[in-house]
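Below is one structure, written out as structure tokens; the observations come after it.
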Amino acid sequence: MPDAAPAVRGVYKPRRPQASPLFRLVSDHLHRLQTVYDERFAREYGPWRPVVAQVADKFLACGVLEHGFARMRCDDCAHEYLLAFSCKCRYFCPSCHAKRLAIWTQWLDTTLLAPVPHRQVVLTIPKRLRAYCLYRRRLLGEIARAAVRTVTAAIRTLTGERDLAVGIVACLQTHGSRANWHPHLHLLVTDGGFRPDGTFVSWPVHDTARLTEAFRRAVLRLFVRLALFDEDQAAGMLTWPHSGFHVHTAVWVPEDDRAFATRLARYCARNPIALERLTYDRAAKAVTYRSDKSEGPTAGTETADPLEFLARVLVHIPDQGHVTTRYYGWYANRPRGTRDKAALAAADGPGPPAIAPAPRLAPTEATRRWAALLQQIFEVDPLACPTCHGAMRIVAFITQASVIDQILTHLRTRASREAHAGPRSPPSTRAPASRGTARAPCPSAHAPPVT
Ligand SMILES: [Zn+2]
Ligand SMILES: [Zn+2]
């Protein structure tokens, strides 16, 4: 055997991402879905998009050693294991989306969010308008801008201060509690605004009825401007007694409760599908999905046809380059950059009044926080040696098909010999599918140890 393989010694314990119900659902039905989509699902879920097949293919390779891995090694005790590559797909792969969320919320906590109270503002649009977002995927972003202008105007008007800068993080969410198509917005808003000198002024009164009405008018005006509605249709919708527009502002976050703020942010940008609420019965050809609501019309568990459910879940994959999290006002990139520069320039004088710049982390402290972060997501620290707790490092990225096969075959043969000698079950022998290109290693929980 060539040099690369025998150097990796040890036990082979596959992570088996193939056991997840979502993996099995996609691998069983993706191909068939593509052939019947136009006829059966295009009407309800919009046209088939090439990005969907790309993401689904990457997901089927995520965490699967046959598609490549990094060799991790501990220099202290020579312990090694293989770390499979991850797909890095957002709003579909539960593992990769969770990793993104954890990194993002840590950045919110340490860098973005100002030390002031925040408020979650959830804005929903009527059913009739939701279908437009299927055919014009960027429409929800345009609705977000209308929502941001409405909320900012409300705060400026109520405080009587026209030049307040309101900080807003807008999360575009397309799914409801049952992974259904339900485009809506979650805004994390400073509960007030900043004067040009940095002083924070609180949002004095909350009136959701008036805010809802303002949002309704802003969205209908947008639909007219985009020629999706004519003036008469918009005027007609303004007369509906139940408008179908809703704005909730009840969730308030105190300035010192960062744990709550980041938990809330995670909820605002959560994955459309949660594995713990999904079951897939291959024999019965049935999917069941439990709502994340315990009461109300969308509560309970639903049984669906696998093809229908897959079409429903795939519709939430964003188009390539579509920005689903946006920053406005005080939190927009440009004012943030200006503030950072001002803070640096005034390093020996007084800093900006209300906002302290994010602390500069020493490399060791940054490493410690990263390790803590990874541990929080995956319950193991992929950078710590499971044997001696020393620091693991990446020895090599293995992406060449022939080398992958040699190493895995070697490890399987060895594991199989050991299985005959002891109680350990034999390793997975699933045939490798097409090779992916080189990707970053997935620091996932069950990386197979190689001792
Ligand atoms: Zn993934
Ligand atoms: Zn070690």
Side-chain angles (χ1 to χ4, degrees), residues 37-38 40-49 51-52 91 120-157 166 168-187 189 207-249 268 272 297-298 311-312 314-329:
Y37 186 89
D38 287 348
R40 283 184 56 186
F41 300 108
R43 211 181 127 76
E44 191 172 355
Y45 295 117
W48 178 260
R49 297 170 299 138
V51 67
V52 166
Y91 291 95
Q120 184 199 23
V121 180
V122 185
L123 305 101
T124 52
I125 55 173
K127 257 198 172 132
R128 181 174 167 188
L129 271 50
R130 293 176 202 165
Y132 286 88
C133 299
L134 281 173
Y135 294 90
R136 188 186 172 112
R137 302 285 302 199
R138 301 195 173 253
L139 181 57
L140 192 56
E142 295 169 292
I143 295 174
R145 270 197 295 280
V148 163
R149 276 197 299 269
T150 305
V151 169
T152 304
I155 293 175
R156 286 176 175 168
T157 307
V166 178
I168 299 182
V169 179
C171 298
L172 279 52
Q173 201 172 92
T174 60
H175 55 96
S177 312
R178 293 178 166 186
N180 50 307
W181 181 248
H182 179 29
H184 63 289
L185 303 165
H186 289 259
L187 309 185
V189 183
D207 182 336
T208 45
R210 289 213 172 102
L211 195 57
T212 305
E213 183 56 25
F215 176 58
R216 164 158 90 149
R217 285 172 188 268
V219 172
L220 291 176
R221 204 165 55 216
L222 172 72
F223 271 59
V224 171
R225 187 164 63 73
L226 297 175
L228 299 172
F229 283 175
D230 61 32
E231 296 280 358
D232 288 347
Q233 280 172 304
M237 280 194 74
L238 273 179
T239 65
W240 289 8
H242 300 289
S243 75
F245 288 90
H246 294 282
V247 179
H248 291 277
T249 62
C268 292
T298 56
R312 188 199 299 185
L314 291 171
V315 78
H316 303 297
I317 293 171
D319 280 347
Q320 212 133 40
H322 184 53
V323 182
T324 51
T325 309
R326 297 161 186 228
Y327 307 93
Y328 298 95

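In what follows, every heavy atom counts, from backbone to side chain, and hydrogens, waters and symmetry copies are set aside.
Taking both residues in full, the closest heavy atoms of Ala234 and Leu220 are given as O-CD1, 3.8 Å, listed atom of the first, atom of the second, then distance. Annotation for Gly236 and Trp240: closest pair O-CD1, 3.4 Å, computed over non-hydrogen atoms. Counting all heavy atoms, side chain and backbone alike, Ala311 lies closest to Tyr45 at CB-CD1, 3.9 Å. A pairwise comparison of heavy atoms in Pro318 and Arg49 identifies C-NH1, 4.0 Å as the closest pair. Tyr328 and Ala170 make their closest contact through CE1-CB, 3.8 Å (heavy atoms, listed as atom of the first residue, atom of the second, distance). Nearest approach of Arg43 to Tyr135, heavy atoms of both residues: O-OH, 3.7 Å.
The backbone N or O of His322 sits nowhere less than 3.5 Å from a side-chain atom of Arg137 that would complete a donor-acceptor pair. Using modelled atom types, no side-chain atom of Glu44 and backbone atom of Phe41 make a donor-acceptor pair closer than 3.5 Å. Here the side chain of Arg326 pairs a donor or acceptor atom with the backbone of Val323 at under 3.5 angstrom. A donor-acceptor pair is defined here as one N or O able to donate and one able to accept, closer than 3.5 Å; such a pair exists between the side chain of Asn180 and the backbone of Arg178. Gln173 contributes a side-chain N or O that, together with a main-chain N or O of Cys268, makes up a donor-acceptor pair within less than 3.5 Å.
Other residues, nucleotides and ligands contribute at most 12 non-hydrogen atoms within 6.0 Å of the CZ atom of Arg221. Counting heavy atoms of neighbouring residues, nucleotides and ligands inside a 6.0 Å radius, atom CZ of Arg210 does not exceed 12 of them.
Side-chain contact check for His316 versus Trp181: some heavy-atom pair is nearer than 4.5 Å. Within the 4.5 Å cutoff, no side-chain heavy atoms of Arg145 are placed close to those of Ile143. Taking the side chain as every heavy atom from C-beta outward, Val122 and Val247 never approach each other to under 4.5 Å. Looking only at side-chain heavy atoms (C-beta outward), Thr124 and Phe245 stay at 4.5 Å or farther from each other. Counting only heavy atoms from C-beta outward, the side chains of Thr249 and Leu211 approach each other to under 4.5 Å. The shortest side-chain heavy-atom distance between Ile168 and Tyr327 does not fall under the 4.5 Å cut-off. The side-chain heavy atoms of Val224 and Asp230, taken from C-beta on, include no pair separated by under 4.5 Å.
The structure places OG1 of Thr152 at 9.0 Å from CG of Leu187, a figure rounded to the nearest 0.5 Å. Of the inter-residue distances, the one linking Leu134 atom CG with Leu140 atom CG reads 11.0 Å to the nearest 0.5 angstrom. For the atom pair CG (Leu238) and OG (Ser243), the distance works out to 9.0 Å, reported to the nearest 0.5 Å. Atom-to-atom distance recorded for His246:NE2 and Thr208:OG1 is 11.0 Å, nearest 0.5 angstrom. To the nearest 0.5 Å, atoms CG (Leu123) and OG1 (Thr212) are separated by 8.0 Å. Atom CG of residue Leu139 and atom CG of residue Leu172 lie 10.0 Å apart, to the nearest 0.5 angstrom.
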How far apart are the C-alpha atoms of Val166 and Val189, what are their side-chain angles, what is the distance that settles it, and do they pass the side-chain contact (heavy atoms from CB on, under 4.5 Å) test?
CA-CA 7 Å; Val166 178; Val189 183; 3.7 Å; yes

Evaluation steps, salt bridge (Lys or Arg N to Asp or Glu O under 4.0 Å), between Glu213 and Arg217
CA-CA 6 Å; Glu213 183 56 25; Arg217 285 172 188 268; 2.8 Å; yes

Test salt bridge (Lys or Arg N to Asp or Glu O under 4.0 Å) applied to Glu142 and Arg136, step by step
CA-CA 10 Å; Glu142 295 169 292; Arg136 188 186 172 112; 3.3 Å; yes

Test log, rule ring pair (Phe, Tyr, Trp, His ring centres under 6.0 Å), inputs Phe223 and Tyr132
CA-CA 10 Å; Phe223 271 59; Tyr132 286 88; 5.4 Å; yes

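Stacking of Arg149 on the aromatic ring of Phe215 is not recorded, the 6.0 Å distance cut-off and the 45° axial limit not both being met.
Here the rule is side chain to side chain contact (heavy atoms under 4.5 Å, CB included) with Pro126, and of Arg216, His242, Met237 only Met237 fits it.
In this pair, His182 and His184 present their aromatic rings parallel. The plane angle is below 30°, not in the 30 to 60° band.
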